[in-house]
Amino acid sequence: MASGTPPIQHTLFPHAQMRSGQLDFYNDARAAAHEGKILLANAPTGIGKTAASLSGALESALMAGRKVVFLTHRNSHHIQAMIESRAINEKRKAELSVLRPECPSLRIIDKISKHRMCLLRAQDPSDDSPYLRCEIANCRHSRPKPSVPISLLENPISASESVQRSLLEEYCAHYAALAAVRDADIIVCDYSYLFDAQIQGMFRTRLGRALQDCDVIIDEAHNLPDRIMDINAREMDEKTLKNASRALSEARKLAADSPEMLAQISLLHSYLKNTLSPSVKLLVGESGAAKEEKRLTRQQLSLFLPATFAQQILENPLFDGETLSTLLYDTIDFLRAESSKPGEGGRMDIDGLASLAELAEFLNSSEKAASGDPAYGAFLRSSEDRMLFRIRIALFDPSIISQQIFSDVHSAVLMSGTLIGKKGLCDLLGIDGARTLGIEEGAYLSPFDAKRQRVRICNWVSSRQRERTDASRLKVMAAIIDEAARACAPHSLAIFYPSYEYLRMVKDNLVLSGFRHETEMRGERHPLVEERKIRIESRTFEDKPIAFHGVVGGSYSEGMDFRNNPFKLIIIAGFPFPKPDARHDAYEGYLKGKFKSDSRAQELASILPAAIKSVQAIGRGIRKGEEYCYCLLIDDRFANYIDYFQPSFRGKIELLAATEKKKIWEDIYAFMAQMDAAKEG
Ligand code: SF4
């Protein structure tokens, strides 16, 4: 504990006992909140992160009248945060009434995505438009009655419970939750509320408080740099241009009584139809981006620059100094207002108006990339016939968004079971080293028995690009997996590969007889993931074991907990370096420039992400104390990068030399026999 933190007087920890590592984490979370620090917490699975971080931060926050914002992107973690928050209310009534006698109950708000909290969507689940009515025009549910947020604060319920209740009481669960944020003590929500440039302003206004009055807890924080880059990327495709052009054509009717707006809309429509769309088509045709994504040059991007648009409107003093995106925003505001007027006659098509907004956002970002800002890059991918395309404006520097947030908040806890490379994480996020706590590498004590996990590296084969196309090397990889699976049977195993292509190539060479195969598909998401999970869980006790094939960093290698976890052997078939494509090369190139070091850039862009993903996948093996797992890492590069794994984990890893091939079978068989015997005993 840091020296300035007062001793515990009124603990809000909601359970009878704290595990040893959990107590250390709780003390550090308290210290961070008391002293306004940024805690980097490498907290292993099973330690009880949510209870420790929430109760640790709350004590100081409540006394000082601050809020706790708990950020997570996983549904299961929303549920856990709500369970722990409600447990504090139930089990720590006496302590709460001492800390805040005037309002001894915690006011908790759970906020999931707008789409999932929309009343209209809940009433009509078949509506699959990507846009919601209130994003385009007025929705009568956007101003909930004051009694609704008050009731949510007085009797905290989860976001999904609120949606169920909204169907009976006819209120919008999204806006009701936002209206309650101002008076909430704890807000559980997605990263995007603080880290999406488009919505953070709205959320900060809703908070009714400066970020200096907030303690922020970030769950699964190892993901934060990638998530920030992802949620702040902007995309445009052929549908965006088509729908936006159609929307502007329709919009002229709404502007009939406003000559200036009519002129503006006509000019935008003409520019989109006659200049921008043909230019983009030409760009797509010439790019050769059908097989793989291509980076667009500044020259190619110049068609999105304000100067290009200005050439079209130089003759028109009305638009002097305007950029295309600002004119689009202005037009959208006008159309929203017109669409919201009573009567159906003037209503705009939702998808068309939303495409205009998407185009405006895209152009706003593309102007940064086109003007040479190195933190942005534009990438194009198209279909073989060039009819379908997508242009993505990527952000390479998450600190552009996060540096100010971490400088503004009163305190923060960045926690994860794989928070390795903490210094690198701070560099990527722009966190001031002087404010950090727990920056040294190391983890809190795991509650799991180290003997129940064995980790071995096979270092006589790899998944390097040159070995992927070598049939004999693929056979060696497959033979090791077959051998390991035989030793593990009748238990189930999960094999994680660095990519879908490599999964297919190795799987084609496997024998793996006697197993039921489950294979993750590219881009597999909810509800398919949920269906497969249920299928795997329901087969756990059947006679045939499961061989699950997935990719490292896919939907199953992170954050997936199986009831009665069937996997006793986890194999990572290849060191999961990111795919060396145009976007990755550009990202690493940006980091080289920023940190003036090739090796630092490679470490941050390639090695650390691969190490974190590997540890996440290995972690699927043990989610509870009574479970056990053998982990086989097949690639000599695991041995090269052992120093990037958590210190506690490094100690468990042993190398299997090529001369010990036979030992794989013996070692796995002996481990399973020992664990099974202990279970029986
Ligand atoms: S206001 Fe609420 S109910 Fe109406 S469209 Fe928006 S999210 Fe849906």
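This structure is a prediction, so every number in the text was calculated from the model and none was measured. Whatever order the structure lists them in is the order used to number ligands and atoms, beginning at 1. The figures here come from the full heavy-atom set of this structure, side chains too, leaving out hydrogens, waters and symmetry mates.
Nearest approach of Glu520 to Val551, heavy atoms of both residues: OE1-N, 3.1 Å. In plain terms, the two heavy atoms of Cys172 and His141 that are nearest each other are CB-O, 3.3 Å.
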Exercise for the section: Give the intermediate values and the outcome of side chain to side chain donor-acceptor pair (under 3.5 Å) for residues Ser557 and Arg620. Expected result: CA-CA 7 Å; Ser557 70; Arg620 294 310 98 203; over 6 Å; no
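Residue Leu120 approaches ligand 1 through these ligand atoms, each under 4.0 Å from one of its heavy atoms: 3 (S), 5 (S). Heavy-atom contacts of Ser142 reach the following atoms of ligand 1: 1 (S) (cutoff under 4.0 Å).
Distance check for His174 against atom 4 (Fe) of ligand 1: none of its N/O/S atoms falls below 2.8 Å. The nearest N, O or S atom of Cys134 is closer to atom 6 (Fe) of ligand 1 than 2.8 Å. Atom 2 (Fe) of ligand 1 has an N, O or S atom of Cys172 inside 2.8 Å of it.
In terms of protein heavy-atom proximity, atom 4 (Fe) of ligand 1 is closest to Cys139 SG, 2.3 Å. Of the protein's heavy atoms, Cys118 SG, 2.3 Å lies nearest to atom 8 (Fe) of ligand 1. Distance from atom 3 (S) of ligand 1 to its nearest protein heavy atom, with residue and atom name: Leu119 N, 3.4 Å.
Residue-environment remark: CZ (Arg252) exceeds the threshold of 12 foreign heavy atoms within 6.0 Å. For NZ of Lys533, the number of neighbouring non-hydrogen atoms (other residues, nucleotides, ligands) closer than 6.0 Å is greater than 12.
Side chain of Glu358 to backbone of Met236: no donor-acceptor contact under 3.5 angstrom is found.
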